[in-house]
2 protein chains.
Amino acid sequence: MDNKEKILQTALYLYSNNGFDSVGIQDIVDRSGVTKPTLYHYFNSKEGLIEELLDSQYHNLIRRLNISANYSGDLPLTINKTVKTFFNFAKNNREYYRILLYLQYLPVDNRWSEVSREYILKIFKTLDDMFEKMATHHGNLKGKNKNLTVSFMGVINSYINLYLNDPGKLNEDLAFTVSHQFMHGIYA
Amino acid sequence: MDNKEKILQTALYLYSNNGFDSVGIQDIVDRSGVTKPTLYHYFNSKEGLIEELLDSQYHNLIRRLNISANYSGDLPLTINKTVKTFFNFAKNNREYYRILLYLQYLPVDNRWSEVSREYILKIFKTLDDMFEKMATHHGNLKGKNKNLTVSFMGVINSYINLYLNDPGKLNEDLAFTVSHQFMHGIYA
DNA sequence: TTTTTTGTATACCTAAAGGTATAATAGTTG
DNA sequence: CAACTATTATACCTTTAGGTATACAAAAAA
């Protein structure tokens, strides 16, 4: 692993557990076994480092999401696949997903909120499209895409936030339960 | 309004829009028209200020929540009242609730995460008790309280997070929609 | 083989953070 | 009125933050 990769890994670890503001460049270079100029050589600034960090695993998430959210007639299957995609991605990229969660609820004027907004929006857009397509077959969903997207992300992220330290819980069973409850409510 | 109150108001405003780490004591005292020793006289430290800030409106929330979450036989009514309680509280205490949201998704090792954990847990506990009581009348909810609490908070906070800048949207209609969907799923 | 680029370390800079020593003022209590 | 307590301002402290000027070694290009 070269120095650049080492820095990215360390930054991911530290930022994920403490947040961007609580981790200094010095902390990162110390833990990576390099010095500041090395970091600045590769990333130019703290912001540059964070941007590259966010970018690094994001396309992976979007790619998977596009596959599972690609509705073509079977609503329960699509919902379940999408829940599983989120759970699996979060399980396999715990540190990264923790950052994504943290960014999603950052105050609006926060410096880092802007850096990440496009990423969050893209995820929402993908789900919104999914629900819109679903509405063509299920009339009762018509016009509700936004609400559905918000509910869906809310439930998913709430579970992930809770179980991120115990990722074994984010399994197929829970994914099924969550999908089922989302579709049929708490009585069923 | 005395200086202490002025400081609290300013801190609430600034922290709510930027997060704790992005706002310095200097920013707060400048905007309050006082000087540092005044702030330190009343609050001892940044942490002390934040603790008092969190405390200031928290009991209000818990009080209301205890009333609406007090299940006594009518599940849909209780759910709906509780959703409305959250929406109304968030609407009437936007800055405060924004901080609560932000704290809920902070990385675990973050300095401020600890300060706020008990508050978040108390809210979860109240809802958990509500769902447990409900399960005595609705057998199919039995043993699901934790999942129900997580889903419930997830959906509620996701909506609030989205509409906090446009709080007119957090109205009774949306509360009804959210309650209904929570109970009966997206098909209904 | 010379030259240039890439990568890295030492040592430093400036700004801003949280916090305080000291002293003055105002109000309260004896 | 005297003593004391609560409240405030000036000016300062220390630490840490992000970032950089300079110099040097290795590798790639000429």
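Order of the sequence lines sets the chain letters (A, B, ...), proteins ahead of strands, with each chain counted from 1.
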Between [atom2] on [N] and [atom1] on [X], what's the gap in Å once rounded to a whole number?
| X | N | atom1 | atom2 | result |
| --- | --- | --- | --- | --- |
| Asn44(A) | dT6(C) | CG | C1' | 14 Å |
| Gln26(A) | dT20(D) | CD | C1' | 13 Å |
| Asp21(B) | dA16(C) | CG | P | 17 Å |
| Lys6(A) | dT8(C) | NZ | C1' | 12 Å |
| Glu47(A) | dA17(D) | CD | P | 18 Å |
| Tyr40(A) | dG7(C) | OH | C1' | 17 Å |
| Asp2(A) | dA26(D) | CG | P | 18 Å |
| Lys46(B) | dT20(C) | NZ | C1' | 17 Å |

Applying side chain to side chain donor-acceptor pair (under 3.5 Å), can you list everything that pairs with Asp74(A), at least two apart in sequence or on another chain?
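Residues passing side chain to side chain donor-acceptor pair (under 3.5 Å) with Asp74(A): none at all.
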Partners of Asn147(B) by side chain to side chain donor-acceptor pair (under 3.5 Å), sequence neighbours excluded?
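So Asn147(B) forms no side chain to side chain donor-acceptor pair (under 3.5 Å) with any residue.
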If the cut-off is 4.0 Å, is His41(B) near the phosphate of dT8(D), judged by side-chain N/O to OP1 or OP2?
no
I want to check one thing: is the phosphate of dT8(C), taken as OP1 and OP2, less than 4.0 Å away from some side-chain N or O of Tyr42(A)?
yes
By side chain to side chain contact (heavy atoms under 4.5 Å, CB included), which residues pair with Asp166(A), not counting sequence neighbours?
Lys169(A)
Please say which of Asn93(B), Asn17(B), Asn165(B), Asn161(B) ends up in a side chain to side chain donor-acceptor pair (under 3.5 Å) with Arg98(B).
Asn161(B)
In chain order, what residues pass the salt bridge (Lys or Arg N to Asp or Glu O under 4.0 Å) check against Glu172(B), with sequence neighbours excluded?
Lys84(B)
Just checking Val23(B): base, sugar-phosphate only, or nothing, at a heavy-atom cut-off of under 4.0 Å?
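Here Val23(B) touches the backbone only, sparing every base.
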Verify whether the ring centers belonging to Phe87(A) and Tyr163(A) lie closer than 6.0 Å.
no
Interface polar pairs with nucleotides 9-13 of chain D, N/O, under 3.5 angstrom:
residue : atom : partner  : partner atom : Å
dA9(D)  : OP2  : Thr35(B) : N            : 3.2
dA9(D)  : OP2  : Thr35(B) : OG1          : 2.6
dA9(D)  : OP2  : Thr38(B) : OG1          : 3.2

Ring pair (Phe, Tyr, Trp, His ring centres under 6.0 Å) partners of Tyr105(A), counting only residues at least two apart:
Tyr105(B)
